[in-house]
*Asks:* 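Please find one structure pasted underneath; my questions will follow.
Side chains are part of it too, since the values below use all heavy atoms of this structure and drop only hydrogens, waters and symmetry mates. No experiment lies behind these values; they were computed from the predicted model shown.
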Number of protein chains: 2
Amino acid sequence: MASIKDVAAAAGVSVATVSRVLNEHPSVSADARTRVLAAVEALGYRPNAVARSLRTDQTHTLGLVISDVLNPYFTELARSVEEEARALGYSVIIGNADERPDLQDHHVRTLLDRRIDGLLVSPTDGGSPLMLDAARAGTPMVFVDRWIPGVEVPVVRADGRAAVRDLVAHLYGLGHRRLAIIAGPAATTTGSERVEAFRAAMAEYGLPLPDAHIGQGDFQAESGRRVTEGFLDLPEPPEVVFAADNLMALGALDAIRARGLRVPDDIALAAFDDIPWFVHTDPPITAIAQPTGELGRAAVRALVDRIEGRDVPASVTFAARLVVRRSCGEPAPQEPSPSPVQRSTS
Amino acid sequence: MASIKDVAAAAGVSVATVSRVLNEHPSVSADARTRVLAAVEALGYRPNAVARSLRTDQTHTLGLVISDVLNPYFTELARSVEEEARALGYSVIIGNADERPDLQDHHVRTLLDRRIDGLLVSPTDGGSPLMLDAARAGTPMVFVDRWIPGVEVPVVRADGRAAVRDLVAHLYGLGHRRLAIIAGPAATTTGSERVEAFRAAMAEYGLPLPDAHIGQGDFQAESGRRVTEGFLDLPEPPEVVFAADNLMALGALDAIRARGLRVPDDIALAAFDDIPWFVHTDPPITAIAQPTGELGRAAVRALVDRIEGRDVPASVTFAARLVVRRSCGEPAPQEPSPSPVQRSTS
DNA sequence: CCTCCTCGTGGAATCGTTTACATCAATGCG
DNA sequence: CGCATTGATGTAAACGATTCCACGAGGAGG
């Protein structure tokens with residue numbers, strides 16, 4: 001592969017001049033410029049990004065470590081992150097942690113070794129020393145969706161409290177009283193937060209939430225299946241199952257179907273995170289939707305602001321919203337229009 | 001960040017010795033080794049992958065350019081690719097082309113600039129000069145799922161011919177005669193191949209396939225919706241719609257639902273590419289399933305074989321299989337067990 | 001006419017590694 | 001005892017870019 005030396009030789013100038021042409025340095029003659037450009041064209045020369053990075057100490061690359069690529073929510077997040085990053089002149093390397101702390105660590109380490117300019121993380125757990133050290137050492141970092149409390153890193157996320165309250169209100173209005181939740185791992189903020197919001201809303205309506213109605217899941221379909229089976233085995237099973245993410249909802253559906261039960265007649269179902277398929281499941285599933293695209297874009301902008309030293313980025317919080325469909329027992333009205341965005345500084 | 005020099009200084013040896021310890025070179029004394037390791041630990045030193053790549057001319061990184069991350073099929077493919085690559089000591093950088101040739105080109109260029117060791121591509125179109133040049137210039141490359149005819153690059157894919165014939169047989173058996181297909185872009189092999197297989201199977205059963213029953217889609221949901229609307233507007237609409245991928249099937253469902261029609265009573269639906277959600281749609285959707293994970297793993301192995309110069313990798317073809325559910329008109333039996341794998345050389 | 005800038009250019013250092021080569025001490029063997 | 005071999009180490013040259021610095025030519029201003 002042709003290097004800058006070959007170009008310099010072909011154009012009859014020094015490598016310094018070639019570099020200046022390529023980087024649009026002002027002080028280079030028109031004559032030299034055209035000769036260099038011609039040589040570049042003729043040789044099909046492309047600068048070696050590895051060498052360039054070594055010298056300039058920047059890779060123009062962002063790392064994105066997400067919890068699970070197979071989850072459509074994170075896929076959409078990844079897509080919007082890449083899109084915004086590309087618009088700002090950055091590439092993205094995605095690391096899929098599969099909800100496993102060891103894999104998360106592996107990816108963070110690899111990304112750091114590659115000297116990415118900044119890191120976007122949706123942490124799978126409380127944070128390994130590795131990640132915390134990196135944050136403390138000054139690696140530009142932004143948490144997205146999930147975060148780690150007590151760490152000085154901006155967070156871009158959606159707040160589901162209000163939507164969860166809306167959901168409980170909706171369920172209460174339909175006459176449901178025994179509600180159960182399939183929670184995510186307590187080590188994740190979204191895992192514990194959604195349970196907390198649910199518990200608070202239940203209390204608000206004077207409904208009991210026995211421990212038996214809080215199932216411990218791990219955001220994967222299989223755990224949704226397992227927990228739901230447990231619920232169904234209860235002497236008095238819940239009337240509603242609320243899954244804290246869409247994959248566990250899928251598992252719950254599997255379990256319910258395996259028993260030959262029907263939604264919502266025998267048991268109602270709702271989920272956190274909306275996806276296009278929820279419109280076509282049997283029945284269409286009531287869900288809490290996050291403004292995923294905006295989340296991804298805002299996170300990238302915050303991170304790039306930090307990298308390029310414009311200012312210290314603030315945390316951003318969007319609102320999630322309830323989308324009522326038929327899985328809890330009533331014909332759905334129109335799909336509501338998107339809710340307004342709310343920003344806050346932390 | 002600490003560099004190898006710092007480690008050398010701290011351990012009281014030269015950088016060469018540090019490098020030797022880190023690369024497990026045999027000729028280094030036990031004493032020196034322990035001192036170096038201690039210094040590494042103390043300083044939290046991690047080798048700079050950028051510098052190492054520059055020197056060794058290998059990045060231990062694979063590029064994967066896929067057509068659409070939002071398509072669960074490709075997400076699963078990406079996941080299996082990353083998994084296998086990691087097992088073999090490689091990282092993966094994913095580029096999402098969104099079915100756009102210009103984006104595909106952008107990613108190929110960026111990946112090449114980063115001097116990735118090899119490229120895995122599922123081409124969106126007939127192939128840009130850039131990609132073809134790279135292949136000719138000797139960049140290790142493997143096509144996965146889709147390929148470009150006439151290019152000397154191994155292909156790892158699933159052959160859907162038999163499964164499509166099975167599907168047509170199934171539909172014929174249910175009494176359906178007017179079948180329509182939502183095709184993918186003709187520029188993609190999977191786009192044209194699936195139509196061809198469908199056409200051949202139809203001919204085998206003596207069924208006509210008028211042009212009006214071949215809708216032109218682009219593998220995205222929106223096109224599925226549009227084409228399906230066209231079908232439904234026909235004076236004599238088809239009895240069955242076969243979508244060449246799962247996203248177009250989603251669009252078709254949207255369109256059918258918008259008309260207040262029911263599947264399969266008013267119109268039947270089948271799709272290429274199976275996904276977990278198809279079990280829970282209303283009704284469960286009959287689909288052709290690919291061994292996606294195996295595809296990804298085989299592709300990586302072929303590419304790495306090529307990179308590490310073990311041998312010239314052969315093309316590999318797996319078989320797709322029909323999964324009958326209820327969307328075409330009959331209660332589904334058991335889910336069939338996985339089909340055997342078939343290998344061929346090209 | 002001399003001096004001082006400015007502009008275009010090239011030489012060479014540098015980024016953090018790996019590795020070919022040289023060096024030196026210790027060992028084995030005739 | 002002397003010489004060849006081996007093993008452990010260090011020195012320095014790459015890899016391909018960017019960029020500081022020096023240099024010479026030319027123009028402007030006194």
*Asks:* B:S19 near the nucleic acid: base, sugar-phosphate alone, or nothing, with a heavy-atom cut-off under 4.0 Å?
*Replies:* base

*Asks:* Between D:dT11, D:dT18, C:dT17, which nucleotide has the shortest distance from any of its atoms to the side chain of B:R52?
*Replies:*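 Looking only at heavy atoms from C-beta outward on B:R52, the closest nucleotide is C:dT17.
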
*Asks:* Within the 4.0 Å heavy-atom criterion, would you say A:N23 contacts the bases, only the backbone, or no part of the nucleic acid?
*Replies:* sugar-phosphate

*Asks:* Heavy atoms from C-beta onward define the side chain here; which of C:dT17, C:dC15, D:dG10 lies closest to that of B:N48?
*Replies:* C:dT17

*Asks:* Looking for any heavy atom pair under 4.0 Å, which part of the strands does A:V13 touch: base, sugar-phosphate only, or nothing?
*Replies:* sugar-phosphate

*Asks:* Between A:Y90 and A:D117, is there a side-chain heavy-atom distance shorter than 4.5 Å?
*Replies:*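 Contact flag for A:D117/A:Y90 side chains = yes.
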
*Asks:* Name the closest nucleotide to the B:S3 side chain, picking from D:dT9, C:dG16, C:dA12.
*Replies:*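 Closest nucleotide to the B:S3 side chain: C:dG16.
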
*Asks:* What's B:S27 touching, base or sugar-phosphate or nothing? Going by heavy atoms closer than 4.0 Å.
*Replies:*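 The residue B:S27 makes base contact.
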
*Asks:* Just call it for A:A49: base, sugar-phosphate, or nothing, with non-hydrogen atoms closer than 4.0 Å on any strand.
*Replies:*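 If one applies the 4.0 Å heavy-atom cut-off, A:A49 turns out to touch nothing in the nucleic acid.
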
*Asks:* Are A:D113 and A:R109 close enough for a salt bridge, meaning some N to O gap below 4.0 Å?
*Replies:* no

*Asks:* Reckon B:T17 has a side-chain N or O less than 4.0 Å from the OP1 or OP2 of D:dG10?
*Replies:* yes

*Asks:* Does the C:dG10 base have a donor-acceptor partner in the side chain of A:R20 within less than 3.5 Å?
*Replies:* yes

*Asks:* Please confirm whether the backbone N or O of A:L130 pairs with a side-chain atom of A:D133, one donor and one acceptor, at under 3.5 Å?
*Replies:* no

*Asks:* Return the nearest nucleotide to the side chain of A:I4; candidates are C:dG10, D:dA17, C:dG16.
*Replies:* D:dA17

*Asks:* When you get a sec, tell me which of C:dT9, D:dA8, C:dC15 is the closest nucleotide to the side chain of B:S29?
*Replies:*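 Of all the options, the side chain of B:S29 is nearest to D:dA8.
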
